[in-house]
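Data block below; observations after.
Sequential numbering from 1 along the given sequence is applied to the chain's residues.
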Amino acid sequence: NIIRAPYPEYSREHSHPEIEKKFLYIQELVRAVRTVRSEFTIPRERKIHVAVRAEKNSSVLNTFKQKADIISLLINASRLDISDTVTAEETHIPAIGTGFEAFVYTQELVDIPKEVARLKKEKQKAAKEISRTKGKLENSSFLEKAPLDVVNKEREKLLRLEEAGKKIDRFLANLSV
């Protein structure tokens with residue numbers, strides 16, 4: 001009976017740090033590509049072309065090459081190029097991770113003018129929110145009267161908004177290639 005079975009004990013013989021490390025590389029790549037899909041509303045069932053660049057002879061590059069079939073399946077790629085010399089030549093969105101840079105080619109997947117318009121609108125919205133948050137943080141009355149945790153939350157919010165603005169700028173630059 002499973003309810004009465006003893007809790008399994010840890011055994012070093014079942015620990016494989018190198019395999020775990022390789023799995024984390026794959027997991028990070030898949031997550032980065034899926035994030036691009038999500039942010040640009042590319043349907044999961046739509047096949048995509050992805051190119052991945054990693055340092056020559058690195059364990060990241062070797063892992064990606066060895067597990068290309070699995071990675072391709074997990075990101076639903078029509079084509080997956082893995083190399084140390086990949087360069088992005090057409091319209092793409094970059095996805096950067098530990099030891100690699102991936103390029104999700106968007107030419108046929110995204111309505112570029114529509115996406116650029118959406119991103120510009122989002123950037124304006126972020127700029128207004130940044131301005132409003134900066135105004136709060138520059139207001140001495142707010143700083144004196146507000147509890148410290150509220151002030152810190154506003155500072156964190158400002159950092160998140162500024163990072164989002166930079167990310168939008170990068171997306172806009174890549175869509176304008």
Hey, does Leu61 have a side-chain heavy atom less than 4.5 Å from the side chain of Ile82? yes
Could you tell me which non-hydrogen atom of Leu80 sits nearest to which non-hydrogen atom of Ala68, and how far apart they are? CD2-O, 3.6 Å
Any side-chain heavy-atom pair of Asn62 and Lys22 under 4.5 Å: no
Keeping Arg46 on the side-chain end and Arg37 on the backbone end, is there a donor-acceptor pair under 3.5 Å? no
Can you measure from CG (Leu74) to CG (Leu29) and round to the nearest 0.5 angstrom? 9.5 Å
dist Lys21:NZ -> Ile19:CD1 (nearest 0.5 Å) comes out at 12.5 Å
Heavy atoms, side chains only, cut-off 4.5 Å: are Leu119 and Phe40 in contact? yes
Any donor-acceptor N/O pair, Thr35 side chain to Arg31 backbone, under 3.5 Å: yes
How far apart are the C-alpha atoms of Phe100 and Ser58, what are their side-chain angles, what is the distance that settles it, and do they pass the side-chain contact (heavy atoms from CB on, under 4.5 Å) test? CA-CA 10 Å; Phe100 72 87; Ser58 68; over 6 Å; no
Please check this pair: side chain of Thr63 against backbone of Ser59, looking for a donor-acceptor N/O pair closer than 3.5 Å. yes
With a 4.5 Å heavy-atom cut-off, do Lys123 and Asp169 have their side chains touching? yes
For residues Gly97 and Glu28, report the shortest heavy-atom separation together with the two atoms involved. CA-OE2, 3.3 Å
More than 12 non-hydrogen atoms from neighbouring residues, nucleotides or ligands closer than 6.0 Å to CZ on Phe142, yes or no? yes
What about Val60 and Ile70, same hydrophobic cluster or not, with Ile/Leu/Val/Met/Phe/Trp/Tyr joined at side-chain heavy-atom distances under 4.5 Å? yes
From NZ (Lys128) to OG (Ser131), nearest 0.5 Å: 10.0 Å
Would one find more than 12 heavy atoms of other residues, nucleotides or ligands at under 6.0 Å from atom OH of Tyr7? no
Is the closest side-chain heavy-atom distance between Lys56 and Thr85 below 4.5 Å? no
Can you give me the closest heavy-atom contact between Leu143 and Leu137, atom names plus distance? CD1-O, 3.2 Å
Closest heavy-atom pair, Ala146 versus Val151, reported as atoms and distance to 0.1 Å, is CB-CG2, 3.9 Å
For Ser78 against Lys47, the heavy-atom pair lying closest together: CB-CB, 3.6 Å
With sequence neighbours excluded, give me every salt bridge (charged side-chain N to carboxylate O under 4.0 Å, His left out) pair touching residues 141-159. Glu129-Lys157, Lys136-Glu154
Is it true that atom CD of Glu39 has more than 12 heavy atoms of other residues, nucleotides or ligands lying nearer than 6.0 Å? yes
Report the residues that fulfil side-chain hydrogen bond (donor to acceptor under 3.5 Å, both in side chains) with Glu163, sequence neighbours left out, ordered by chain and then residue number. none
Begin with the C-alpha distance, continue with both residues' side-chain angles, and end with the deciding distance and a verdict on side-chain contact (heavy atoms from CB on, under 4.5 Å) for Val33 and Ile48. CA-CA 10 Å; Val33 172; Ile48 57 175; 3.6 Å; yes
Joint cluster assignment, Val150 & Leu161, ILVMFWY side-chain distance < 4.5 Å: yes
Heavy-atom closest pair, residues Ala95 and Ala32: CB-CB, 3.7 Å
Would a 4.5 Å heavy-atom cut-off, applied to side chains only, mark Lys134 and Glu162 as touching? yes
Donor-acceptor check, side chain of Ser83 to backbone of Arg53, threshold 3.5 angstrom: yes or no? no
